[in-house]
Number of protein chains: 2
Amino acid sequence: MKLAKLSLHERIRRQLEARIMSGALQPGARIPVEQQLMQEFGCSRMTVSKALSALAAAGLIERRKRAGSFVSRPRVHSMLLHIPDLEAETKASGGRYEFRLLKRQVLPPARQSKLEMELADGGPLLAVTGVHVVNGQPLALEQRQVSLKAVPAVADVDFTVTSPGTWLLQHIPWTEAETRLSAAAADRRVAALLGVPAGSACLVVERRTWRRAKGITSVRQTFEGRSYDMVARFRPSDSRAR
Amino acid sequence: MKLAKLSLHERIRRQLEARIMSGALQPGARIPVEQQLMQEFGCSRMTVSKALSALAAAGLIERRKRAGSFVSRPRVHSMLLHIPDLEAETKASGGRYEFRLLKRQVLPPARQSKLEMELADGGPLLAVTGVHVVNGQPLALEQRQVSLKAVPAVADVDFTVTSPGTWLLQHIPWTEAETRLSAAAADRRVAALLGVPAGSACLVVERRTWRRAKGITSVRQTFEGRSYDMVARFRPSDSRAR
DNA sequence: CAGTGGTCTAGACCACTGA
DNA sequence: CAGTGGTCTAGACCACTGA
């Protein structure tokens, strides 16, 4: 490990983290108070405080006035989920990526769909349907709608060259996103497009993205169940790792 | 919003964040240098630095020596995924929760399974199978293995009272977890246990948890596709929210 | 009410790196 | 090589809250 070049607050942070990970400091245990740590590491209070703040921000400890700082009891209620950017990942690993464009239409939003009406915000929607093809194999069906009012520039993009997701990611800063994961059986059409038997279990990823309160895009991606896994890894220090 | 009681570094952070969100500061744009911000907010460099460090930790800006700080170009490659603790969530919302224990055995790991051999680490495994039942409805099938070498205390726990996941979460500090999401068709047995037609699309959550390098538990949870969604939300500032 | 953490200052020296 | 961020100090005042 890089030991020599680490800053002092980083070394203090790591040493406390190591004590917590090793079990020397059990959940609920009290962390030495700032004055003790100042003496132990021979540094100022600001430096100790920076290390403790980082641990608190990572959820490893909890700080309470008058009482002190304590090792958190772990609560695995959330994890960092890696959302695949199929195009970027395929190319990064040297594979062939292709977005097979099936349909592209400018439409008014469906009046009965609250989601579409919100997304459109009084303007038209660009509806794009296509298949993500990796190394010649269809991997996922994508059904996307983009608000032309929010993103007029999308009207001129050639989606046979770049997938809509990759283009949007690179051009439109988002501020909020919501992803929903579920499972669904492939209907006849989806099955044919993905080259799987009808009724196959598929992983469905639905994502909506906003910029401030304005909707940008809404997408539904359907993966054949066995062809793609989404993996989330978590280590306590990851929440701070850059 | 709470405006009066906010600390100065927090106000600086929020104001810069607001400029970024509003588009006044576009991705790639240069953030005023620390000296400018010191003048603008009439504060010391440490206070400005704290605000900028927080923005950098949240991924909103990138700091480069000599060059300055710049608004990041968004990369939505990971999101915080909320993993349900069915027991805690059900009880929190006033529902009835029950873990219907189907099987409980102490077994040696299967020699042909690398995963089981690693988890067992030379000791036996506790295998637990049960169904999460919420308000009388079966919601998920859980198939779990726990390393008795790593967690001897688990041998004495009554899993008709507490679900294994909830017990482990409260008693064994983990340091690393990996979650895999996929879709699979319900076989006859799973379908019967969940009360759905055979072949139904199910969302499968597989999670392995470690304490340091030692495996603690490995679990596979099968949800009927329409009965449970997993939702991940992301806002840039969330990575710092407590 | 005393001990704890939260914040802030005014300064300092340094490391990095692009003009 | 000068401008920028990274780190650190020694102190200060304050807010909170449990013994």
Side-chain angles (χ1 to χ4, degrees), chain A residues 1-17 19-20 25 28-73 237 240-242, chain B residues 1-17 19-20 25 28-73 237 240-242:
Chain A
M1 313 285 183
K2 304 171 207 161
L3 286 167
K5 303 281 279 182
L6 280 182
S7 59
L8 184 49
H9 69 81
E10 186 66 15
R11 275 194 285 134
I12 299 173
R13 210 207 90 209
R14 293 205 185 188
Q15 191 173 123
L16 289 173
E17 188 174 311
R19 290 187 208 171
I20 294 169
L25 286 171
R30 185 175 183 163
I31 304 274
V33 297
E34 293 185 343
Q35 294 295 337
Q36 281 176 274
L37 291 170
M38 284 165 67
Q39 283 190 16
E40 184 176 342
F41 291 93
C43 68
S44 73
R45 202 179 141 219
M46 272 298 283
T47 304
V48 166
S49 172
K50 197 164 187 174
L52 292 179
S53 297
L55 289 171
L60 270 184
I61 68 170
E62 278 160 31
R63 312 188 79 188
R64 292 201 295 273
K65 284 180 189 174
R66 165 79 203 192
S69 298
F70 300 86
V71 180
S72 301
R73 298 171 195 282
S237 54
R240 281 200 53 78
R242 288 279 72 220
Chain B
M1 315 283 186
K2 303 171 208 161
L3 285 167
K5 303 281 278 183
L6 280 182
S7 60
L8 184 50
H9 68 81
E10 186 67 16
R11 273 192 287 136
I12 298 173
R13 213 207 88 211
R14 294 206 185 186
Q15 190 172 126
L16 289 173
E17 189 175 312
R19 290 187 209 172
I20 294 169
L25 287 172
R30 185 173 185 166
I31 303 275
V33 297
E34 293 185 344
Q35 294 296 337
Q36 282 177 273
L37 291 170
M38 285 166 67
Q39 284 190 16
E40 184 175 341
F41 291 95
C43 66
S44 74
R45 202 178 141 220
M46 273 297 283
T47 303
V48 165
S49 172
K50 197 164 188 176
L52 292 179
S53 297
L55 288 171
L60 269 184
I61 68 171
E62 278 159 31
R63 310 187 78 187
R64 292 201 296 273
K65 285 181 189 174
R66 166 78 204 192
S69 299
F70 301 86
V71 179
S72 301
R73 296 172 196 281
S237 54
R240 283 199 50 79
R242 293 275 70 220

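A note on names: the letters A, B, ... follow the listed sequences, proteins ahead of strands, and every chain is numbered from 1.
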Consecutive-pair stems (at least three Watson-Crick or G-U pairs, under 3.5 Å) that include DNA chain D
C:1-18 with D:1-18
For dG5(C), does OP1 or OP2 lie under 4.0 Å from any side-chain N or O of S49(A)?
no
Test side-chain contact (heavy atoms from CB on, under 4.5 Å) applied to I61(B) and L25(B), step by step
CA-CA 11 Å; I61(B) 68 171; L25(B) 287 172; over 6 Å; no
Using a heavy-atom cut-off of 4.0 Å across all strands, would you classify L8(A) as base, sugar-phosphate, or nothing?
sugar-phosphate
Between S69(A) (side chain) and I31(A) (backbone), is there a donor-acceptor pair under 3.5 Å?
no
Closer than 4.0 Å, any side-chain N/O of K50(A) to the OP1 or OP2 of dC8(D)?
no
Under 4.0 Å from any atom of DNA chain D, heavy atoms only: list the residues of residues 33-40 of chain A that qualify, in numerical order.
none
Whole-Å distance, R30(A) CZ to dG3(C) P, equals 12 Å
Rounded distance (Å) that lies between atom C1' of dT4(C) and atom CD1 of I31(A):
14 Å
Using whole Å, report how far CD of E62(A) lies from P of dG5(C).
14 Å
Give a yes/no answer on whether the side chain of S69(A) brings an N or O atom under 4.0 Å of OP1 or OP2 in dG5(C).
yes
Measure from CG on L55(A) to C1' on dG5(C) and round the result to the nearest Å.
15 Å
When you compare the side chain of H9(A) with that of S53(A), does any pair of heavy atoms fall below 4.5 Å?
no
When you get a sec, tell me which of dC8(D), dG6(C), dT9(C) is the closest nucleotide to the side chain of R63(A)?
dG6(C)
In whole angstrom, what separates F70(A)'s CZ from dG3(C)'s C1'?
12 Å
Please enumerate all residues that pass salt bridge (charged side-chain N to carboxylate O under 4.0 Å, His left out) together with R45(B), with sequence neighbours excluded.
E34(B)
Shortest non-hydrogen separation from A54(B) to R13(B) and the atoms involved
CB-CD, 3.5 Å
Taking CZ from R64(B) and P from dA19(C), how many angstroms apart are they, rounded to a whole number?
10 Å
Evaluate the side-chain contact (heavy atoms from CB on, under 4.5 Å) criterion for residues L37(A) and L16(A): first the C-alpha distance (whole Å), next the side-chain angles of each, then the deciding distance (0.1 Å), finally the verdict.
CA-CA 10 Å; L37(A) 291 170; L16(A) 289 173; 4.3 Å; yes
From CG of L6(A) across to C1' of dC8(D) the rounded distance in Å is 15 Å
Kindly compute the distance separating CG (L8(A)) from NZ (K50(A)), expressed to the nearest 0.5 Å.
11.0 Å
State, to 0.1 Å, how close S72(B) and E62(B) come at their nearest heavy-atom pair, and which atoms those are.
OG-OE2, 3.5 Å
List the residues meeting side-chain hydrogen bond (donor to acceptor under 3.5 Å, both in side chains) with T47(A), not counting sequence neighbours, and say none if there are none.
S44(A)
When you check the phosphate oxygens OP1 and OP2 of dT7(D), does a side-chain N or O of S7(A) lie under 4.0 Å from one of them?
yes
Which residues pass the side-chain hydrogen bond (donor to acceptor under 3.5 Å, both in side chains) test with Q15(B), sequence neighbours left out?
R19(B)
Is any side-chain N of the basic residue among R14(B) and E17(B) closer than 4.0 Å to the acidic one's carboxylate O?
no
Could you list the protein-to-nucleotides 12-17 of chain C atom pairs, N/O on both sides, closer than 3.5 Å?
unit_1, atom_1, unit_2, atom_2, d
dA12(C), N6, R45(B), NH1, 3.2

Non-hydrogen side-chain atoms of Q39(B) and P32(B) separated by less than 4.5 Å:
no
Provide, to the nearest angstrom, the distance between the CG atom belonging to L52(A) and the P atom belonging to dC8(D).
14 Å
